[in-house]
Undergrad: 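Have a look at this one before I ask anything.
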Amino acid sequence: MSTAIGFFKRVLTAINPPASQPSLDSKPLKFGILGAAAIAPSALILPVRSHPEAVVYAVAARDASRAAAYAKKHGIPKAYGGPTGYQELLDDPEIDVIYNPLPNGLHYEWTIKALQAGKHVLLEKPAADTAEETRKMFDLAEKKDLVLLEAFHYRFHPAIQRVKAIIDSGELGAIKHISTALAIPAGGFKSGDIRFNHSLGGGALMDMGCYTLNCIRYLSSSEPISVISAEHTLHTSDVDRRTISTFALPNNATASLMCDLGVPLSYGIIPSMPQIGATVTCEGGVIEIYNFVLPTIYHSIKVTTKLAAGKGSTKRVEKVYTFEEGKMIGKGEAWWTTYRYQLEAFVDRVKGRTPQTWVDRDDSIANMHWIEEVYAKVLSSSYLPL
Ligand SMILES: *[C@@H]1O[C@H](CO)[C@@H](O)[C@H](O)[C@H]1NC(C)=O
Ligand SMILES: *[C@@H]1O[C@H](CO)[C@@H](O)[C@H](O)[C@H]1NC(C)=O
C-alpha cells in the first residue's frame with residue numbers, strides 16, 4: 001500500500017492539500033491564531049484547508065501592520081493588532097478555538113486568558129515553563145469544560161503509533177534501552193532566534209528535547225524512575241544549545257536523549273545530517289524509526305528480530321502513512337501531515353466525538369515535570385554558575 005501514493009505526490013499534496021467543502025451538517029470551528037507565527041502555516045493553516053469542519057478566522061499580532069500582512073498572505077478574514085490585539089482576539093465571540101504558538105514563556109499567560117475567555121486551546125509544545133503551570137492550565141480547562149491539547153502532533157501520525165504497537169505486541173520482548181535524538185546542523189536557527197532566549201522559555205531541551213522526552217515516555221508506556229545524568233552545551237550563559245541526558249526506566253531498562261539546536265559544522269564547513277530518530281533495543285530485537293517528527297515527507301521503521309542462538313536475525317522495513325498500512329483503525333490519507341492528523345483528533349474532541357488518540361492532561365504535566373528534572377540534574381551536577 002505504501003507505494004500506492006509515491007513520494008512526490010504525497011509531499012506535493014501535503015503542501016498543497018485539496019480544499020474541502022465546508023460541512024453543511026456540522027458548523028465549522030473557527031480558529032484564532034495568537035501571534036503571526038512562522039509555524040502556523042504548517043501546523044494549522046494548511047491542515048485546516050482540507051478539514052470540512054475547521055476554518056482559520058482571525059490572527060492577532062502586537063504589530064497591526066504585521067497582523068494585516070499575515071492575514072492577507074494566508075487568506076485569513078480578520079486581523080487584530082496593537083497592544084490590545086491578543087485580548088481582542090480572545091474576546092471575539094465568533095472564535096471557538098485559540099491556537100497558541102507564542103514563545104514558550106508566554107504559553108501559560110495566554111492559555112489561561114484564552115480559557116478564561118471561554119475558548120478551547122490548541123497549545124504548542126512545550127506546554128509551559130513548569131509542570132505546575134501546566135497543571136493550572138488543565139485545571140482551568142476542566143473547570144470550564146474546554147478542550148486543551150498540547151500539540152504533540154507526531155503522536156497522531158500512524159508511523160509512531162505503529163512503532164508502539166510493535167513494541168506493545170511483545171514481538172521483540174521487554175525493552176532494554178530507548179535512545180532518542182533530535183538535532184539539526186548549525187545555522188538552522190539564527191543566534192537571535194527566540195529558541196535561544198532564556199526569558200522566553202528557550203533552550204534545546206525545551207524546544208526539541210520535549211519531543212525526545214515525550215517519545216521515551218510514549219514508547220516505554222511508563223514514566224522514568226530517575227534522571228541518571230544530564231549535561232548541557234550552552235549557547236549563552238543561561239540557555240542550552242545542546243542537552244544530553246540518561247534515565248532509569250522501570251524493569252531495569254534505561255533511556256537516553258540528545259537534542260541540539262545547532263550541531264557545529266565539522267572542519268568548519270561540513271554540516272552534520274539532521275538526527276530525528278528513536279531506537280528501542282529489546283531483549284529479542286531492535287526497532288528503529290527514522291524521522292518520527294515529520295514522517296509524511298519520509299520515514300522508515302526498521303525491525304530486526306533475533307533468531308535462536310547462533311541463527312542470526314531477520315530484518316524488515318515498514319513505512320506507515322495511513323492507519324490502514326499500519327494495521328490500525330483511523331481516518332487519514334497518505335499525504336496527511338502529523339498536524340493534519342492532529343487537527344482531525346482535535347476537531348473530533350471539540351465536537352464530542354472520540355478522537356483516534358489523545359495526549360491527555362497527565363501526559364503533558366509529566367512531560368513538563370521531566371523537563372524540569374533534567375534541568376535540575378544539570379544544575380546539581382555542574383559547577384557552571386547558570
Ligand atoms: C529575549 O526576549 C526579550 C523579550 O522579547 C528581550 O527583551 C530580550 O532582549 C531577549 N534576550 C536576548 C538575549 O535576546
Ligand atoms: C533488575 O536488576 C536486579 C539486579 O541485577 C535484579 O535483581 C532484578 O531481578 C531485575 N529486575 C527485572 C525486572 O529484571
Side-chain angles (χ1 to χ4, degrees), residues 33-40 59-67 70 80-87 89 100-113 123-126 128-130 133 167-179 186-210 216-217 219-229 232-243 246-256 260-262 280-286 306 371 375 378 384-386:
I33 305 175
L34 271 175
I39 183 71
V59 61
R62 302 258 192 220
D63 177 335
S65 58
R66 192 149 175 251
Y70 192 93
Y80 290 103
T84 56
Y86 287 1
Q87 191 61 48
L89 180 92
N100 183 354
L102 292 171
N104 303 335
L106 300 174
H107 282 181
Y108 174 69
E109 175 187 351
W110 288 98
T111 296
I112 291 285
K113 285 179 177 166
L123 169 63
E124 269 309 328
K125 76 247 139 264
D129 285 345
T130 64
E133 286 181 353
I167 294 168
D168 292 350
S169 75
E171 142 180 16
L172 300 172
I175 295 173
K176 283 166 47 181
H177 183 74
I178 303 179
S179 143
F189 302 118
K190 300 281 171 269
S191 192
D193 193 284
I194 55 165
R195 291 173 179 81
F196 293 123
N197 188 318
H198 177 80
S199 62
L200 294 178
L205 183 61
M206 288 286 278
D207 186 76
M208 289 185 153
C210 69
I216 289 171
R217 297 177 43 257
L219 294 181
S220 69
S221 308
S222 69
E223 296 301 331
I225 293 167
S226 63
V227 181
I228 300 171
S229 69
H232 287 330
T233 303
L234 297 178
H235 175 72
T236 51
S237 65
D238 63 355
V239 78
D240 54 311
R241 190 211 78 214
R242 173 187 179 90
T243 293
T246 58
F247 304 85
L249 299 182
N251 302 321
N252 293 344
T254 51
S256 61
D260 199 322
L261 290 169
V280 183
T281 307
C282 302
E283 271 162 7
V286 178
K306 273 192 227 160
I371 289 175
Y375 279 117
V378 176
L384 290 169
L386 264 179

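These numbers were taken from a predicted model, which means no experiment stands behind them. The analysis underlying the following values was restricted to heavy atoms, covering all of them including side chains, and did not include hydrogens, waters or symmetry mates. Note that ligands are numbered from 1 as they come in the structure, with each ligand's atoms numbered from 1 the same way.
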Undergrad: What distance separates L261 CG from R195 CZ, expressed to the nearest 0.5 Å?
TA: 7.5 Å

Undergrad: Test E223 against R217 for salt bridge (Lys or Arg N to Asp or Glu O under 4.0 Å), laying out the working first.
TA: CA-CA 6 Å; E223 296 301 331; R217 297 177 43 257; 2.8 Å; yes

Undergrad: Tabulating one pair per line, provide the atom names and distances (0.1 Å) for every N/O atom of ligand 2 that is less than 3.5 Å from a protein N/O atom.
TA:
residue, atom, partner, partner atom, Å
ligand 2, 2 (O), N252, OD1, 3.4
ligand 2, 2 (O), N252, ND2, 2.2
ligand 2, 11 (N), N252, ND2, 2.9
ligand 2, 14 (O), N252, ND2, 3.4

Undergrad: Give a yes or no on this: more than 12 heavy atoms of other residues, nucleotides or ligands lie within 6.0 Å of atom NE2 of H198.
TA: no

Undergrad: List ligand 1 atoms under 4.0 Å from L200, heavy atoms only on the residue side.
TA: 2 (O)

Undergrad: Examine the side chains of S256 and T246 and answer whether a donor and an acceptor come within less than 3.5 Å of each other.
TA: no

Undergrad: Within the 3.5 Å criterion, strictly below it, is a donor on H232 or T243 matched to an acceptor on the partner's side chain?
TA: yes

Undergrad: Is the shortest distance from a heavy atom of G192 to ligand 1 less than 4.0 Å?
TA: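 Not so, G192 does not reach ligand 1.
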
Undergrad: Please tell me if the side chains of V280 and I167 come closer than 4.5 Å, counting only heavy atoms from C-beta onward.
TA: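 Sidechains of I167 and V280: in contact.
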
Undergrad: Using every non-hydrogen atom in the two residues, find where H235 and S191 come nearest and quote the distance to one decimal.
TA: NE2-OG, 3.3 Å

